[in-house]
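Notes to accompany the following structure.
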Amino acid sequence: MSSAALVLVLSSAFFHALWNALLKRHEDPESAVVGVIAVTVVCGALWALGLEGAAFPTSAALYWSLVAGVLESGYLVALARALRRAPLGLAYTVSRGGALLLVWPASVLWLGEQLTPNSVAGAALVALGMAAMNLVLPRGAVGEGVLWALVSAACIAGFNLSYKRALGEGAQPPALFTLSLGVALPLIVLMRRREEAGWGVLRRKVMTRPLLLVVAGLLCTLSFSLLLLALVHSGTGAVLTLRNTSIAFALGLGALQGERMGRRQLLGAGLVILGAVLLGWPRP
């Protein structure tokens, strides 16, 4: 991974943790995510205005962009439900660490990325850290939040692999970003609408804290756009795993919000972070 890609990924990691922390502060994250993604789609459309050439030069590029959008919708719904039920640090670590364990072997087997001693050691540390954090599944709402975080992890792995395939087929990052989230937005609106009493109720919940949603949407745009730019020049496994150092940012932001994790969970999170660094370490 080049130095430029390293900066892009770490910046994306920080912005990702920050917009997740803002979503967690909303009284109803499951409704608020609709507003956040609406802002993000508008920003993506503005970014795509400067496109030159074909946005999706092949049918495969368009196909993988649409697949990414469907998986994004699953991720966003699962993320919001996890954040509503579990602490930011716990939900974030489980979702990002779980995605890492899924995407790295898929990248090696499916996309031909290199398997190294560092990657094997990193994957082992992440698995150990995940196990340490969840030796005993929390009961009640927190336990449900962890399960939703695992669903989120599967979707994260899927849409990142789909992004890489779309980019490999020539999709331009602004178009890929806008189309995938443009597909995700109506899906999450419909899923959320089924759980509300009416459109008016959903609209009121979404607009409860408009400034927070706009800021979170801008940060979400920065996070995803920087991720896509990094994926253009680096392997999926390395990018996603190094981006999981955002776990450290999420733990810090969670602490600022008054969250406290036990020693075992902090140890587990530390192992996940170390494993992510090993997996994404630049190779000579």
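Note that the structure is a prediction, hence the values are computed from the model and not measured.
- Checking side-chain atoms of T178 against main-chain N and O of P174 turns up a donor-acceptor pair under 3.5 Å.
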Does the pair Q172 and F177 meet the rule for a side chain to side chain contact (heavy atoms under 4.5 Å, CB included), with working shown?
CA-CA 9 Å; Q172 296 199 44; F177 174 78; over 6 Å; no
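- I156 contributes atom CD1, which lies 4.5 Å from atom OG of S95 (distance to the nearest 0.5 angstrom).
- Hydrophobic clustering (ILVMFWY, side-chain heavy atoms < 4.5 Å, transitive): L79 and V33 are in one cluster.
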Can you list, pair by pair, the side-chain donor-acceptor contacts under 3.5 Å of residues 217-231, counting residues two or more places apart and other chains?
from : atom 1 : to   : atom 2 : distance (Å)
T221 : OG1    : G217 : O      : 2.9
S223 : OG     : S12  : O      : 3.2
S223 : OG     : R243 : NH2    : 2.4
S225 : OG     : T221 : O      : 2.7
S225 : OG     : L222 : O      : 3.1

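- A salt bridge is defined here as a Lys NZ or Arg NE, NH1 or NH2 lying under 4.0 Å from an Asp or Glu carboxylate O, and D28 with R209 fails to meet this definition.
- P29 places none of its side-chain heavy atoms less than 4.5 Å from the side chain of K24.
- Pairing each heavy atom of A149 with each of V94, the nearest pair is CB-CG1, 3.7 Å.
- When hydrophobic clusters are built by joining Ile, Leu, Val, Met, Phe, Trp and Tyr residues whose side-chain heavy atoms come closer than 4.5 Å, directly or via intermediates, W47 is grouped together with V36.
- Hydrophobic clustering (ILVMFWY, side-chain heavy atoms < 4.5 Å, transitive): I188 and L212 are in one cluster.
- No donor-acceptor distance shorter than 3.5 angstrom exists from the side chain of R165 to the backbone of N160, with no hydrogens or angles considered.
- Linking ILVMFWY side-chain heavy atoms closer than 4.5 Å, directly or via other members, places L185 and L181 in a single hydrophobic cluster.
- You'll find the side chain of L62 reaches within 4.5 Å of the side chain of L179, heavy atoms only.
- Contact check for F249 versus L18: no side-chain heavy atoms found under the 4.5 Å cut-off.
- Applying the ring pair (Phe, Tyr, Trp, His ring centres under 6.0 Å) test to residues at least two apart or on different chains, the pairs with a partner in residues 149-173 are Y75-F159, F159-Y163.
- Considering all non-hydrogen atoms of both residues, A82 and G145 come closest at CB-O, 3.4 Å.
- No hydrogens or angles considered: nothing links the side chains of R96 and S246 as a donor-acceptor pair under 3.5 Å.
- Annotation for E169 and P57: closest pair O-CG, 3.7 Å, computed over non-hydrogen atoms.
- Under the 4.5 Å side-chain criterion, counting only non-hydrogen atoms from C-beta, H26 is in contact with L213.
- Nearest heavy atoms, V70 versus V183: N-CG1, 4.0 Å.
- For R81, the side-chain hydrogen bond (donor to acceptor under 3.5 Å, both in side chains) partners two or more places apart in sequence, or in a different chain, are E30, E195.
- Not a single donor-acceptor pair under 3.5 Å links the side chain of T93 to the backbone N or O of L90.
- Cluster membership check: L76 does not share its hydrophobic cluster with L190, using side-chain heavy-atom separations under 4.5 Å among Ile, Leu, Val, Met, Phe, Trp and Tyr.
- Rounded to the nearest 0.5 angstrom, L66 CG and E72 CD are separated by 12.5 Å.
- A 4.5 Å side-chain heavy-atom check between R85 and V142 finds every atom pair outside the cut-off.
- With contacts defined as side-chain heavy-atom distances shorter than 4.5 Å, the pair P173/L167 qualifies.
- A donor-acceptor pair is defined here as one N or O able to donate and one able to accept, closer than 3.5 Å; no such pair exists between the side chain of S73 and the backbone of A184.
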